[in-house]
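Notes follow the structure.
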Amino acid sequence: MTKEKINKLLKDVQVLAVICNQWGDTGKGKFSDYFASEWADIIARGTGGNNAGHTVVIGDKERIFHLIPAGIVYDKKGKISVLGEGMVIDIKVLLEELKELKEEGYSYSNLKISKYAHVIMPYHIEQDKAKNLSQKKGGIGSTGRGIGPCYADKIRRKGIMIKDLFDRETLKKKISDIRSYYPNLKIEEEPILEEFGQYAEKIKGYVCDTGQLIRQAQEEGKKILIEGAQGLLLSIDHGTYPYVTSSDCSLNGTANGVGLGANKVDMVLGIIKYPFMTRVGGGPFPTELGGQRSAEYCSNDEYKKEYELKKYGVPHKIVGEKAKYDPSDKKIIEMINSSDEFVQGVGIRLAAGEYGATTRRPRRTGWTDAVTARYATKINGPLFILTKADALAGADKFRICFGYKKGQETLTEFERDINILDKVSPYYKEYEGYDDISKIRDYEELPASLKESIKDFEDFTGGKVVIVSVGPERDETIVRDLS
Ligand code: IMP
């Protein structure tokens, strides 16, 4: 069934990009897996590093990948997984992921790592942690994985590429040259050379010019899936700067990062969560439930899932290190319907399990913002995948933001200027809530209010919703018949 639906949707498509149109964490992992399993020959990532975390559910197991594209689980079918040249790679983390895959019985013989990708060095991580501009103090609240410093070195032409690891003299010189940029850190060449020399041996067989490989595959008519990381609103070029990551996670940056021009991409599917959305880390979020109170609260790493379950009296069990609970527990539904927006936001977080895959931080929650989605159609294209709509089952009402109020004005075009975004308040349209939709497979059978909101969303954004995800499993997916 899945295969039929995909073949129909991707009839004339050879290069498909699946990217996020919000602040990340919209469920790219599920859709990367969806298209990798039944369609793609090559699955490639082009931006970011292990700041990302894709959650993929296979059978009854949940897996989180930070670096490797979710398609690696189809390695045995001969599918090629690529870590592209726009990425920044922490090799230690990569080796851990590979080890874990092997232990679980997966192979990775068709993995390809770009020789031009940049390497996250220990001093990048140290610098990121030291300068992490803690979100608590109103800062960005980076993931602390060394992403920003590594990209900074790349831009100032001092970066270390994967290929440099195979050339001891170049590597030694580069490390010695970099010292002046990190005056507060003790950078010793020998231990680094030793450590990275060993890493180089381990990854040697997988390194190549992946851009060339992908361009050739494209010419040969192979099916290529480009998997985005983070999201448009976190893009260094199109996001809410400086509250962004350090790569361009738009279509352009993502295609660039795998070595293709964006004009080579035949279809772009932009994922958004709907009718609620999330943000991790600092920065503006006009529709946030609980506003500033929520932003400050979510900057505290201690308010993890277990804390919230206990505080709000939601029945749960701790199994191993994980809290198990029923996301549709009546206590959570009560919270989603609370008149206190902050509590409503916590309720949505618990109902949808919105805690960082990489950092476990509580994600900030709010209503879906069609103004940012409209902006996304203009940069990434008009097609949308909506995810997590099922998580709001039991809510009496939901809202979608169709404009920002700024004094007497109503803005309908997104401005990424944080000074403007901090001062606007959302203009909402409210809709009737709905019950469980996870068993629905036909778009027409979705609740009338949800369809009405989607129609309004499409009219406002000029986009088209092609897929609605109604659960984490591959099968829990509605592909709309647009013919
Ligand atoms: P960095 O990418 O670690 O430098 O973090 C910069 C900002 O991007 C922080 O606000 C992070 O929370 C956010 N960020 C980075 N990666 C992700 C992601 O995969 N999902 C959501 N937010 C992210």
Side-chain angles (χ1 to χ4, degrees), residues 18-30 32 45-56 64-70 86-90 93 118 120 124-155 227-250 253-254 257 271-273 277-285 288 295-296 298-301 349 352-366 372 387-388 416 418:
V18 176
I19 53 186
C20 163
N21 275 338
Q22 291 171 335
W23 280 290
D25 310 317
T26 42
K28 280 181 299 279
K30 168 175 168 172
S32 182
R45 235 188 98 174
T47 55
N50 59 318
N51 46 351
H54 309 286
T55 309
V56 184
I64 297 174
F65 296 96
H66 297 285
L67 278 166
I68 302 179
M87 288 186 69
V88 287
I89 300 179
D90 183 329
V93 173
H118 280 248
I120 296 185
H124 293 141
I125 301 172
E126 266 184 80
Q127 172 96 346
D128 198 16
K129 286 198 172 137
K131 295 231 162 152
N132 173 356
L133 302 171
S134 160
Q135 191 194 339
K136 274 185 223 168
K137 294 176 196 125
I140 291 163
S142 83
T143 58
R145 306 292 202 262
I147 309 295
C150 185
Y151 275 118
D153 277 356
K154 171 178 173 171
I155 297 301
E227 177 184 296
Q230 285 81 45
L232 179 70
L233 305 176
L234 280 174
S235 157
I236 187 99
D237 292 320
H238 303 290
T240 49
Y241 191 92
Y243 295 94
V244 290
T245 188
S246 299
S247 59
D248 173 18
C249 14
S250 72
T254 308
I271 312 191
I272 62 166
K273 275 191 238 191
M277 65 193 283
T278 61
R279 172 163 205 169
V280 185
F285 182 2
E288 182 164 18
E296 275 166 30
C298 291
S299 74
N300 193 330
D301 289 358
R349 184 155 56 241
E354 295 294 347
Y355 299 85
T358 299
T359 58
R360 299 184 67 225
R361 283 184 281 190
R363 295 179 181 147
R364 300 158 65 191
T365 51
T372 56
T387 58
K388 293 247 178 158
R416 62 192 187 97
I418 58 167

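Order of listing sets the numbers, starting from 1, for every ligand and every atom in it.
If you look at Arg361 next to ligand 1, the close heavy atoms, those under 4.0 Å, all belong to the side chain. Contact annotation: for Trp23 versus ligand 1, heavy atoms closer than 4.0 Å belong to the backbone alone. With a 4.0 Å cut-off on non-hydrogen atoms, Val244 touches ligand 1 through its backbone and not its side chain.
Residue Gly24 has no nitrogen or oxygen atom sitting less than 3.5 Å from a nitrogen or oxygen atom of ligand 1, judged on distance alone. Residue Arg145 has no nitrogen or oxygen atom sitting less than 3.5 Å from a nitrogen or oxygen atom of ligand 1, judged on distance alone. For ligand 1, one of its N or O atoms has an N or O atom of Gln230 under 3.5 Å away.
Note that the CD1 atom of Ile89 and the NE2 atom of His118 stand 10.5 Å from one another [nearest 0.5 Å].
Contact check on Asp90 versus Arg145 returns no salt bridge, with no Lys/Arg side-chain nitrogen under 4.0 Å from an Asp/Glu carboxylate oxygen.
By heavy-atom distance, the residue among Leu234, Asn51, Leu233 lying nearest atom 23 (C) of ligand 1 is Leu234.
For ligand 1 and Gly281, the ligand atoms under 4.0 Å from any heavy atom of the residue are 10 (O), 12 (O). Near Asp25, meaning under 4.0 Å from any of its heavy atoms, are these atoms of ligand 1: 20 (N), 21 (C). Close contacts of ligand 1 with Ala52, meaning ligand atoms under 4.0 Å from a residue heavy atom, involve 19 (O).
The heavy-atom pair separating Ala52 from His66 by the smallest distance is O-ND1, 2.9 Å. Considering all non-hydrogen atoms of both residues, Thr278 and Thr365 come closest at CG2-CG2, 4.0 Å. Of all non-hydrogen atoms in Ile271 and Thr26, the two that sit nearest each other are CG2-O, 3.4 Å.
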| request: Begin from the C-alpha positions of Lys273 and Asp25 and carry the test side-chain contact (heavy atoms from CB on, under 4.5 Å) through to its verdict. | output: CA-CA 9 Å; Lys273 275 191 238 191; Asp25 310 317; 4.2 Å; yes

| task | Start with the C-alpha gap between Glu227 and Ser32, add the side-chain angles, then the distance that decides, and say whether side-chain hydrogen bond (donor to acceptor under 3.5 Å, both in side chains) holds. | result | CA-CA 6 Å; Glu227 177 184 296; Ser32 182; 2.2 Å; yes

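The residue from Arg364, Arg361, Arg363 that alone fulfils the salt bridge (charged side-chain N to carboxylate O under 4.0 Å, His left out) condition with Glu354 is Arg363.
For the pair Ser246 and ligand 1, no heavy-atom separation below 4.0 Å is found.
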